[in-house]
Chemist: 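Before I ask anything, here is the structure I am working with.
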Amino acid sequence: MTYRKRNGSDTWHFCRNCTNWPTSGYTERSSKPTSGELCNQCKAKKRDASCR
């Protein structure tokens, strides 16, 4: 799974179909972040099995 957050933000996104998925000016990692927060929209999409 890929995690992205906008530079200067503490919120990590992991669903590419999240409306806030960063497409420029971001940091990316392949393991779950140990700091910051996970996006609520991404968590809801994962819970509803609609995360892409």
Side-chain angles (χ1 to χ4, degrees):
M1 186 173 287
T2 300
Y3 295 85
R4 287 185 182 180
K5 74 177 183 79
R6 283 188 179 81
N7 295 335
S9 172
D10 288 332
T11 304
W12 290 92
H13 304 271
F14 54 91
C15 294
R16 293 180 184 270
N17 59 331
C18 174
T19 59
N20 296 307
W21 178 256
T23 56
S24 63
Y26 60 84
T27 300
E28 183 174 276
R29 60 182 296 156
S30 58
S31 59
K32 188 174 181 179
T34 55
S35 63
E37 301 177 28
L38 293 178
C39 168
N40 287 329
Q41 185 182 152
C42 290
K43 290 191 287 188
K45 287 181 178 297
K46 182 177 180 185
R47 185 173 54 248
D48 297 341
S50 64
C51 182
R52 299 189 213 314

Chemist: Would you mind listing every salt bridge (Lys or Arg N to Asp or Glu O under 4.0 Å) that reaches into residues 39-49, with sequence neighbours excluded?
Modeler: none
Chemist: Residues two or more places apart in sequence or in another chain: which of them pass salt bridge (charged side-chain N to carboxylate O under 4.0 Å, His left out) with Arg6?
Modeler: none
Chemist: Please enumerate all residues that pass side-chain hydrogen bond (donor to acceptor under 3.5 Å, both in side chains) together with Arg16, with sequence neighbours excluded.
Modeler: none
Chemist: Quick one: list whatever passes side-chain contact (heavy atoms from CB on, under 4.5 Å) with Ser35, sequence neighbours left out.
Modeler: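 Once residues adjacent in sequence are excluded, Ser35 has no partner under the side-chain contact (heavy atoms from CB on, under 4.5 Å) criterion.
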Chemist: Mind checking side-chain contact (heavy atoms from CB on, under 4.5 Å) for Lys5 and listing every partner two or more places apart, or none if nothing turns up?
Modeler: Trp12, Thr27
Chemist: Mind checking what makes side-chain hydrogen bond (donor to acceptor under 3.5 Å, both in side chains) contact with Ser24, not counting sequence neighbours?
Modeler: none
Chemist: Salt bridge (Lys or Arg N to Asp or Glu O under 4.0 Å): which pairs involve residues 19-35, sequence neighbours left out?
Modeler: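 Counting only pairs at least two positions apart or across chains, the salt bridge (Lys or Arg N to Asp or Glu O under 4.0 Å) contacts touching residues 19-35 are Arg4-Glu28.
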Chemist: Check Asn17 against Ser50 and note the closest heavy-atom contact, atom names and distance.
Modeler: ND2-O, 2.8 Å
Chemist: Applying side-chain contact (heavy atoms from CB on, under 4.5 Å) to Phe14 and Thr2, what does each step give before you reach the verdict?
Modeler: CA-CA 6 Å; Phe14 54 91; Thr2 300; over 6 Å; no
Chemist: Residues in disulfide bond (SG atoms under 2.5 Å apart) with Cys15, at least two apart?
Modeler: Cys51
Chemist: Could you tell me the separation between the CG atom of Asn20 and the CG atom of Asn40, rounded to the nearest 0.5 Å?
Modeler: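 CG of Asn40 is found 10.5 Å from CG of Asn20.
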Chemist: Output all residues satisfying disulfide bond (SG atoms under 2.5 Å apart) with Cys42, sequence neighbours left out; order by chain, then residue number.
Modeler: none
Chemist: Tell me whether Asp10 contacts the main-chain N or O of Glu37 through its side chain, where contact means a donor paired with an acceptor under 3.5 Å.
Modeler: no
